[in-house]
Amino acid sequence: MIDPKQEADLIYRRLSALFTAQWHCQYRIDVVNDHYGQTFNFFMDIKRQHHRERSIPLHTLRTTDLVTLERVITELRQQTQLSLNFVSFGRTRWPLSQRWIH
């Protein structure tokens with residue numbers, strides 16, 4: 001069974017090692033729904049002015065359960081204020097809060 005708090009802590013530790021606040025730099029966390037691998041992948045997206053955008057893998061959740069993902073996201077949002085970008089989720093709602101995933 002996946003522990004959402006433990007998974008969020010792991011993502012945050014890897015994220016904080018990569019995060020250095022800089023001028024003219026945008027940071028974002030991409031959460032990708034991998035339909036083929038049946039996983040959720042987390043990436044740190046870094047976009048600096050006049051540089052190419054970088055996407056650095058942070059972690060993979062080996063589940064397709066949206067309830068588990070929602071709990072991990074809730075824990076992660078308590079630790080960081082970075083923007084979250086959800087990729088390949090289509091028109092889906094969170095199972096617990098019933099809000100659209102976007």
Side-chain angles (χ1 to χ4, degrees):
M1 175 135 183
I2 296 174
D3 179 20
K5 175 82 171 131
Q6 184 179 0
E7 297 291 327
D9 289 344
L10 176 66
I11 294 167
Y12 182 72
R13 278 196 310 272
R14 292 177 180 174
L15 174 75
S16 59
L18 297 171
F19 181 76
T20 55
Q22 297 180 7
W23 288 94
H24 304 293
C25 191
Q26 296 175 353
Y27 296 94
R28 161 180 95 208
I29 300 170
D30 289 336
V31 182
V32 181
N33 184 4
D34 183 1
H35 299 284
Y36 300 108
Q38 297 181 344
T39 59
F40 297 115
N41 299 308
F42 290 81
F43 296 91
M44 171 76 162
D45 193 67
I46 303 170
K47 185 176 181 184
R48 291 190 177 114
Q49 188 176 20
H50 307 298
H51 287 83
R52 195 163 39 170
E53 193 169 339
R54 293 178 54 200
S55 183
I56 303 167
L58 293 174
H59 187 59
T60 298
L61 279 179
R62 303 213 179 276
T63 183
T64 57
D65 183 27
L66 284 175
V67 174
T68 303
L69 178 64
E70 185 175 10
R71 289 183 176 139
V72 171
I73 294 296
T74 302
E75 291 289 335
L76 191 58
R77 282 189 171 147
Q78 292 176 1
Q79 297 177 3
T80 183
Q81 301 215 356
L82 290 178
S83 299
L84 292 162
N85 180 40
F86 297 94
V87 180
S88 295
F89 282 88
R91 294 193 44 85
T92 310
R93 289 184 183 264
W94 290 114
L96 299 176
S97 67
Q98 287 301 306
R99 293 181 178 198
W100 290 107
I101 298 176
H102 57 78

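Everything numeric in this text was worked out from a predicted model, so none of it was measured.
Atom CG of L66 and atom OG1 of T64 lie 7.5 Å apart (nearest 0.5 Å). Of the inter-residue distances, the one linking R54 atom CZ with I46 atom CD1 reads 5.0 Å to the nearest 0.5 angstrom. Here I2 contributes atom CD1 and E7 contributes atom CD; the two are 5.5 Å apart, rounded to the nearest 0.5 Å. Expressed to the nearest 0.5 Å, how far OH of Y27 lies from CD of Q22 amounts to 4.5 Å. Here NE2 of H102 is found 9.5 Å from CZ of R93. Values are rounded to the nearest 0.5 Å.
Two different hydrophobic clusters hold F89 and W100 under the rule that ILVMFWY side chains link at heavy-atom gaps under 4.5 Å. Residues I56 and F40 are members of one and the same hydrophobic cluster, defined by side-chain heavy-atom contacts under 4.5 angstrom among Ile, Leu, Val, Met, Phe, Trp and Tyr.
The shortest distance between side-chain heavy atoms of T63 and L69 does not fall below 4.5 Å. Residues L15 and L82 are in side-chain contact: their nearest non-hydrogen atoms beyond the backbone lie under 4.5 Å apart. Residues V72 and I11 form a side-chain contact, since some pair of their non-hydrogen atoms from C-beta on lies under 4.5 Å apart. Looking at R28 and E53, their side chains come closer than 4.5 Å, going by heavy atoms from C-beta outward. At a threshold of 4.5 Å between non-hydrogen side-chain atoms, the residues L76 and I29 count as touching. Using a 4.5 Å heavy-atom cutoff, the side chains of L84 and F42 are not in contact. Using a 4.5 Å heavy-atom threshold, the side chains of V31 and I101 count as separate.
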Taking it one step at a time, do Q26 and D45 satisfy side-chain hydrogen bond (donor to acceptor under 3.5 Å, both in side chains)?
-> CA-CA 8 Å; Q26 296 175 353; D45 193 67; over 6 Å; no
Test side chain to side chain contact (heavy atoms under 4.5 Å, CB included) applied to I73 and F86, step by step = CA-CA 11 Å; I73 294 296; F86 297 94; 4.1 Å; yes
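Of all heavy-atom pairs spanning C25 and R48, the tightest one is SG-CG, 3.4 Å. Closest approach of F43 and S55 over heavy atoms only: CB-OG, 3.5 Å.
Residues in residues 67-77 take part in these side-chain hydrogen bond (donor to acceptor under 3.5 Å, both in side chains) pairs, two or more places apart or across chains: D65-T68, E70-S97.
In this structure, H35 places its NE2 atom where more than 12 heavy-atom neighbours from other residues, nucleotides or ligands lie under 6.0 Å away.
Between D9 and R13 there is no salt bridge, since no side-chain N of the basic residue sits under 4.0 Å from a carboxylate O of the acidic one.
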